[in-house]
Amino acid sequence: MKTSRGEAGGDDALVIAFDDNRLLTELFGTNDKNLARIEQGLGILATSRGNKLVITGNAHARSQADRVFRDLYARLKSGQDVSQGEVDGAIRLATAPDADLDKPQGGFGRHQIHTKRRVISARSQTQGTYIDALMSNELVFGVGPAGTGKTYLAVAVAVSMLLQKRVDRIILSRPAVEAGERLGFLPGDLKEKIDPYLRPLYDALYDTLPGEQAMKGIESGEIEVAPLAFMRGRTLANSFVILDEAQNCTPVQMKMFLTRLGENSRMAITGDPSQVDLPLGAKSGLRDALDVLDGVPGCETVRFTDADVVRHPLVTRIVKAYNARERSLLGDGKK
């Protein structure tokens, strides 16, 4: 892949020549849908001519487009796929305020998690920071709105470390806090009542491991999915432990969970402080822990914003709308 300026497109054009035509269909997308998405996201015009792509637009946007196409093409050459999510992620990385547009394979090359089912790449700079933190710290808090990949990436890193034999087991936990319904009125035995609360953890697990291997791991105890209440009295050694929806635990529960950390173990605590389902007036254990553990060596907090939402683009707009209303209400309250 070669990049040149002013060739076949005038002085205001950037020309990218690809060395493998077989990859271009997947790079450009069905009916050039990836090209259209990149054009819209960066405000450029991209025209394909054989194995060359001519990009026109302002100089900065052309540099961003060069970075996007280099990242996506490198992903394809390494045998990975390019979906709409990867395209959006490449755009997000290239348009970040402190993006280094001259560095090859901006986010995909540096922040990757290898699992049995797929290679997972950072889709925002904050996700890249989060992956680095999970790889290098014993306790990491991932805090921010829904759709930013906090839990998914934590599970993916846990699976990767299990496959590398860096830990012996994975423990996934959530507080079983009711959000409008009562456990006692739900059908089934205790496991059947609690499983719906743990389903997001199962979903992330099955996306990173083949179903048969995930089931085998659960049956053998190598992978454990359990409510927070089941953690009391245990010492979790040689484990990667994840507490999801941590905003719904109390300070007492949070202290109990954090002190389960054993030798050669890691913990990831994820949650969204704006979505607390605790009874009115109850203090969130996540907010309390973030205050208490601020600056403690070995603990790192990664804060996501609505700019890091990697779900459907409409989710990003929904999160921004709610955040704008909350800021407006806070502003009115101060007057």
Side-chain angles (χ1 to χ4, degrees), residues 23 25-27 29-30 34 71-90 92-93 105-124 126-135 140 142 146-174 195-196 198-226 238-245 266-268 270 304 308-312 315:
L23 299 178
T25 300
E26 191 172 352
L27 177 64
T30 306
N34 291 348
D71 280 357
L72 295 175
Y73 188 66
R75 185 177 178 88
L76 288 171
K77 292 203 76 171
S78 67
Q80 302 170 51
D81 63 344
V82 168
S83 65
Q84 177 180 311
E86 271 73 45
V87 173
D88 290 343
R92 194 178 296 109
L93 287 165
Q105 296 186 47
F108 293 129
R110 293 200 307 276
H111 307 298
Q112 291 189 330
I113 307 166
H114 294 263
T115 68
K116 280 289 182 72
R117 296 200 64 175
R118 54 184 307 208
V119 177
I120 298 162
S121 303
R123 293 183 178 179
S124 74
T126 308
Q127 281 197 352
T129 301
Y130 185 51
I131 292 171
D132 285 346
L134 291 168
M135 293 288 193
V140 177
T148 50
K150 306 180 299 295
T151 303
Y152 183 84
L153 291 175
V155 172
V157 170
V159 167
S160 177
M161 288 191 175
L162 181 67
L163 294 174
Q164 297 172 39
K165 307 297 184 184
R166 294 175 61 182
V167 296
D168 294 336
R169 57 180 175 162
I170 298 172
I171 299 173
L172 309 173
S173 186
R174 258 188 167 199
D195 266 0
L198 306 175
R199 180 50 51 188
L201 296 174
Y202 283 110
D203 290 343
L205 189 62
Y206 282 105
D207 201 42
T208 53
L209 281 175
E212 184 178 338
Q213 185 173 355
M215 283 300 300
K216 185 178 178 181
I218 292 171
E219 291 170 1
S220 69
E222 191 177 52
I223 300 171
E224 181 181 347
V225 185
N238 301 309
S239 305
F240 198 114
V241 192
I242 299 171
L243 176 61
D244 188 33
E245 297 290 342
R266 293 172 183 267
M267 274 190 177
T270 68
F304 294 83
D308 299 302
V309 174
V310 294
R311 289 181 185 166
H312 192 285
V315 176

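Count residues from 1 along the sequence.
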Residue list, side-chain contact (heavy atoms from CB on, under 4.5 Å) with D244, at least two apart or on another chain: T151, R174, L201, T270
[X] to [Y] - nearest heavy-atom pair and separation:
| X | Y | result |
| --- | --- | --- |
| S124 | L93 | C-CD2, 3.5 Å |
| A154 | F240 | O-CE2, 4.0 Å |
| A158 | I242 | CB-CD1, 4.1 Å |

Donor-acceptor contact present, side-chain [X] to main-chain [Y], <3.5 Å:
| X | Y | result |
| --- | --- | --- |
| E224 | L172 | no |
| Y130 | L153 | no |
| E26 | L23 | no |
| S220 | K216 | yes |

Got a sec, which residues hit salt bridge (charged side-chain N to carboxylate O under 4.0 Å, His left out) with R166, two or more places apart in sequence or on another chain? none
Which residues pass the salt bridge (charged side-chain N to carboxylate O under 4.0 Å, His left out) test with D168, not counting sequence neighbours? none
Rounded distance [0.5 Å steps], CE in M215 versus CG in L209: 12.5 Å
Applying side chain to side chain contact (heavy atoms under 4.5 Å, CB included) to Q112 and Q80, what does each step give before you reach the verdict? CA-CA 12 Å; Q112 291 189 330; Q80 302 170 51; 3.5 Å; yes
Is the number of heavy atoms from other residues, nucleotides or ligands within 6.0 Å of CD (Q164) greater than 12? yes
Between R75 and S121, does any side-chain donor sit less than 3.5 Å from a side-chain acceptor? yes
Side chain to side chain donor-acceptor pair (under 3.5 Å) against [X], all qualifying residues, sequence neighbours excluded:
| X | answer |
| --- | --- |
| S173 | none |
| T115 | none |
| T129 | none |

Minimum side-chain heavy-atom gap I120-D207 below 4.5 Å: no
For D308, is there an ion pair with R123 - N to carboxylate O distance below 4.0 angstrom? no
Please determine whether side chain to side chain contact (heavy atoms under 4.5 Å, CB included) holds for the pair N238 and V167, giving the CA-CA distance in whole Å, both sets of side-chain angles, and the decisive distance to 0.1 Å. CA-CA 5 Å; N238 301 309; V167 296; 5.7 Å; no
Side chain to side chain contact (heavy atoms under 4.5 Å, CB included) evaluation trace for E222 with L162: CA-CA 9 Å; E222 191 177 52; L162 181 67; 4.0 Å; yes
Using the side chain to side chain contact (heavy atoms under 4.5 Å, CB included) rule, pick out the option among M267, R266, R169 that qualifies with V241. M267
